[in-house]
Amino acid sequence: MTGVTVRVRFSPAPTGYLHVGGARTALFNWLYARHVGGTFILRIEDTDPALSRDDLIDGIQRTMRWLGIDWDEGPIRQSRRSEEYRAAAEQLFRTGHAYFCDCTREDVQARTKGDAGYDGRCRERGLTAGALRFRSPDEGETVVHDLIRGDVTFEHTAIEDFVVLRTDGSAVFLLANAVDDMDMAVTHVIRGEDLLAATPKVLLLRDALGDTEMPVFAHLPLIVNEKRQKLSKRRDDVAVEEYRERGYLPEAMRNYLALLGWSPADDREILPIEDMVAEFEIDDVKASPAFFDLKKLDAINAEYIRALPVATFVRESLPWLETDPPWPPERFDLATFEAVAPLVQERARTLAEVPGMVDFLFLEQPVVDQVAWDRAITRNPTAPALLAGAIASYRDVHWDAAALHGVTTELAERHDLKLAKAQAPIRVAVTGRSVGPPLFESLHVLGRERTLERLRRAKDGLSFSS
RNA sequence: GCCGCGAUCGUCAAGUGGUCAUGACGCCGGGUUCUCAUCCCGGAAGCCGGGGUUCGACUCCCCGUCGCGGUACCA
């Protein structure tokens, strides 16, 4: 840097959740600030009274913290700065850069016949009340210097006389944005590409307000859905909180988000946050939109889960095991879970999948996958013999995984079957499913009595139905 | 409509004026394995189209096409 401290900001509207696109924007601002040793400001754009609520603002902060994104200044609330905006608006009016207008939206639309934009009708009417409009230059152009896209030029003739102060005196986003970035001495504006078209208006406002230190911009590529549209609250899963609830780890979420539009110099994809900070350069960000691929998020999350120390995995899994579990809560036993945790950890893509992998341990009777049951037991001619053999062998075998493995292998050999085939009906009878953690460890943890009981039940059920 | 941005496997990324165009996810096949998962090996799959510039363009320029964003007294 050239001696000037970099100052960036993330300025979400408190809509009640943190949008994944917003989270990515926050992350890139944060990465850039940390990389250059700059300052990261959190600013809440709550000029809409309905959104100016402490709980909504707390929610955003909580989610940012969850992702590990901290800020150096703020949160600064725009709702507390209306005086500053009003002063700026008055200055614009006084210097002839803005004028009052009393046209309704319907008036304007009727006059312009569907063409976008305001026609300047009130420019010279000398009104002293109404909405305040910025007098956009009739000629010339404004160039946005963008670190990701290069210089982007906008002709002033294409910029209408936009409103800066509503009839009720409140500031619109463009004014608040210009004033705040000036007051907070923001040097780099890093935000979504959807705001690129609004940038010349902000620049025009700052210029009219006498600003000579324009920031540099970086308009990040949009994050899109499978139809390549900007992620929207209506049709897409956009709340970061929701991913948290679905069992994604913050580190995995953050890592995946970082990969949307950026990549480190080497071909690593999974990398610690320290390395991201060290390598992140804003002008390395791609300009084209990125699809939010849940499959890839799953893969990254699974990798992060597997990398956890077992104790951490257990601790992180607890909320899913204790809150609204698929078994009677009093039947849950931590020691039992800990015994199979390493086996589950290797198989879970999300923490939300954990309960389903261990439910057979805590349920009176396992949840039965009917398809698996039919295939491995009901329609399996050797199932009765295998179940009977298992019952006989397990009755007095030394109860640990190795011994169970041994006697079951012998059982398979007696039936001239591979162990894989022979264990199928046992697994389904005991766990209800055809897939799951390794069988013999599972039986060991379940215990002899409960194992035998389930095997008998399956065998008896068979004889009744046949 | 107008303004703007974008374009490398299905997806996310890398890439150079001359490369067998790289990695990852996903997919397919194989190996390891008590199922599954992990792990290992292998495979299919791409430079939007047309013009230029050049000895030579995926790469640079222009046009087109397509996609997307914006076009509010929302942010």
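The chains referred to below are lettered A, B, ... by the order of the sequence lines, with proteins before strands, and numbering in each begins at 1.
- When the P atom of B/A75 is taken as reference, atom CG of A/L205 falls 14 Å away, rounded to whole Å.
- At whole-Å resolution of the value, NZ in A/K201 and P in B/A75 are 13 Å apart.
- A/H444 and A/T451 form no side-chain donor-acceptor contact under 3.5 Å, judged by distance and modelled atom types alone.
- Of the residues A/F291, A/Y248, A/W262, A/F292, the one that meets the ring-ring contact (aromatic ring centres under 6.0 Å, His included) test with A/Y256 is A/F292.
- Residue-level contact check: A/T408 touches neither bases nor backbone, having no heavy atom under 4.0 Å from any strand.
- The base of B/C73 is not paired with the side chain of A/R105 by any donor and acceptor separated by under 3.5 Å.
- Here B/A72 sits opposite no nucleotide as a Watson-Crick or G-U wobble pair (both hydrogen-bonding atom distances under 3.5 Å).
- Using a 4.0 Å heavy-atom distance criterion, A/T47 is classed as a sugar-phosphate-only contact.
- Taking every side-chain heavy atom of A/A131 into account, B/C73 is the closest of B/A75, B/U38, B/C73.
- Between the side chains of A/Y85 and A/T47, no donor N or O sits under 3.5 Å from an acceptor N or O.
- For the residue pair A/T153 / A/E141, no side-chain donor-acceptor distance below 3.5 Å is found, with atom types taken as modelled.
- At the heavy-atom level, A/I300 lies nowhere under 4.0 Å from the strands shown.
- Residue contacts shown for A/P437 include a base, since a base heavy atom lies under 4.0 Å away.
- The same atom, C1', is picked in B/G46 and in B/U22; the two are 12 Å apart, to the nearest Å.
- Between B/U35 and B/G26, the distance separating the two C1' atoms is 23 Å to the nearest Å.
- Closest to the side chain of A/R149, from the set B/U35, B/A37, B/G6, is B/G6.
- Residue-to-nucleotide contacts include no donor-acceptor pair under 3.5 Å from the side chain of A/K286 to the base of B/A13.
- At whole-Å resolution of the value, CD in A/Q229 and C1' in B/C66 are 15 Å apart.
- Nucleotides B/C20 and B/G30 are separated by 24 Å at their C1' atoms, to the nearest Å.
- With P as the reference atom, B/A7 and B/G15 are 13 Å apart, rounded to whole Å.
- Pairing partner, B/U59: none, since no Watson-Crick or wobble contact has both distances short of 3.5 Å.
- Distances shown here put every side-chain N or O of A/R433 at or beyond 4.0 Å from the OP1 or OP2 atom of B/C36.
- Across all strands shown, A/R306 has heavy atoms under 4.0 Å from sugar-phosphate atoms exclusively, and none from any base.
- If you check the side chains of A/Y99 and A/D161, you find a donor sitting under 3.5 Å from an acceptor.
- Between the side chains of A/Y243 and A/D237, not a single donor N or O lies within less than 3.5 Å of an accepting N or O.
- Residue A/E155 places no side-chain atom within donor-acceptor reach of the base of B/C2, judged by atom type and a 3.5 Å distance cut-off alone.
- Side-chain atoms of A/E269 come within donor-acceptor range of the base of B/G23, with a qualifying N/O pair under 3.5 Å.
- Within 4.0 Å (heavy atoms only), A/F291 reaches sugar-phosphate atoms of the nucleic acid but no base atom.
- Nearest nucleotide to the side chain of A/A290, out of B/C74, B/G4, B/C12: B/C12.
- Annotation: of the two residues near RNA chain B, A/K295 and A/A265, the 5′-most nearest-nucleotide partner is A/A265.
- Base pairing of B/G6: its partner is B/C66, meeting the Watson-Crick or G-U wobble criterion (both donor-acceptor distances under 3.5 Å).
- Heavy atoms of A/G261 sit under 4.0 angstrom from primed sugar atoms or phosphate atoms, though from no base atom.
- The listed nucleotides are B/G70, B/C73, B/A37; the one nearest the side chain of A/V163 is B/C73.
- The base-pairing partner of B/A13, taking Watson-Crick or G-U wobble contacts with both distances under 3.5 Å, is B/U22.
- The partner of B/C27 is B/G43, by the rule that a Watson-Crick or G-U pair needs both atom distances under 3.5 Å.
- A cation-pi arrangement, defined by a distance under 6.0 Å to the six-membered ring centre and an angle within 45 degrees of its axis, is present between A/R24 and A/F28.
- Atom-to-atom, CZ of A/R77 to P of B/A75 comes out at 15 Å; the value is rounded to the nearest Å.
- Atom pair A/L222:CG and B/A7:C1' shows a separation of 15 Å (rounding to whole Å applied).
- If you take NZ of A/K227 and C1' of B/U11, they are 18 Å apart, rounded to a whole angstrom.
- In the set B/C34, B/A14, B/C39, the nucleotide with an atom closest to the side chain of A/S263 is B/A14.
- Each of A/E346 and A/P221 was assigned the nucleotide of RNA chain B with the nearest heavy atom; the assignment lying further toward the 5' end belongs to A/P221.
- For A/L196, taking side-chain heavy atoms from C-beta onward, the closest of the listed nucleotides B/G70, B/C34, B/C5 is B/C5.
- Between B/A75 and A/R166, a contact under 4.0 Å exists linking OP1 or OP2 to a side-chain N or O.
- Pairing for B/A37 is absent, with no Watson-Crick or G-U wobble pair whose two atom distances lie under 3.5 Å.
- Residue contacts shown for A/E441 include a base, since a base heavy atom lies under 4.0 Å away.
- B/A13 atom P lies 16 Å from atom CG of A/D266, rounded to whole Å.
- Closest contact between the side chain of A/E45 and the listed nucleotides B/A75, B/C36, B/G4 involves B/A75.
- Counting only heavy atoms from C-beta on, A/K230 has its side chain closest to B/G69 among B/G6, B/G26, B/G69.
- Atom CD in A/E226 sits about 16 Å away from atom P in B/G67, given to the nearest Å.
- Rounded to whole Å, the separation between the C1' atoms of B/U71 and B/C28 comes to 47 Å.
- No side-chain donor-acceptor contact under 3.5 Å links A/R427 and A/S434.
- On a pure distance criterion of 3.5 Å, a polar donor-acceptor pair joins the side chain of A/T167 and the base of B/C73.
- Taking atom C1' in both B/U59 and B/G43, one finds a spacing of 28 Å when rounded to whole Å.
- Residue A/D293 places its side chain closer to B/U11 than to any other of B/C73, B/U11, B/G69.
- A salt bridge between A/R86 and A/E84 is absent, with no side-chain N of the basic residue lying under 4.0 Å from a carboxylate O of the acidic one.
- Using modelled atom types, one finds no donor on one side chain facing an acceptor on the other under 3.5 Å when comparing A/H156 with A/S136.
- Among the atoms of the strands shown, base atoms are found under 4.0 Å from some heavy atom of A/R427.
- Nucleotides B/G67 and B/U8, compared at atom P, are 15 Å apart to the nearest Å.
- A gap of 34 Å separates the P atoms of B/C3 and B/G17, to the nearest Å.
- For A/S288, whose side chain is taken as the heavy atoms from C-beta onward, the closest listed nucleotide among B/G69, B/A7, B/C3 is B/A7.
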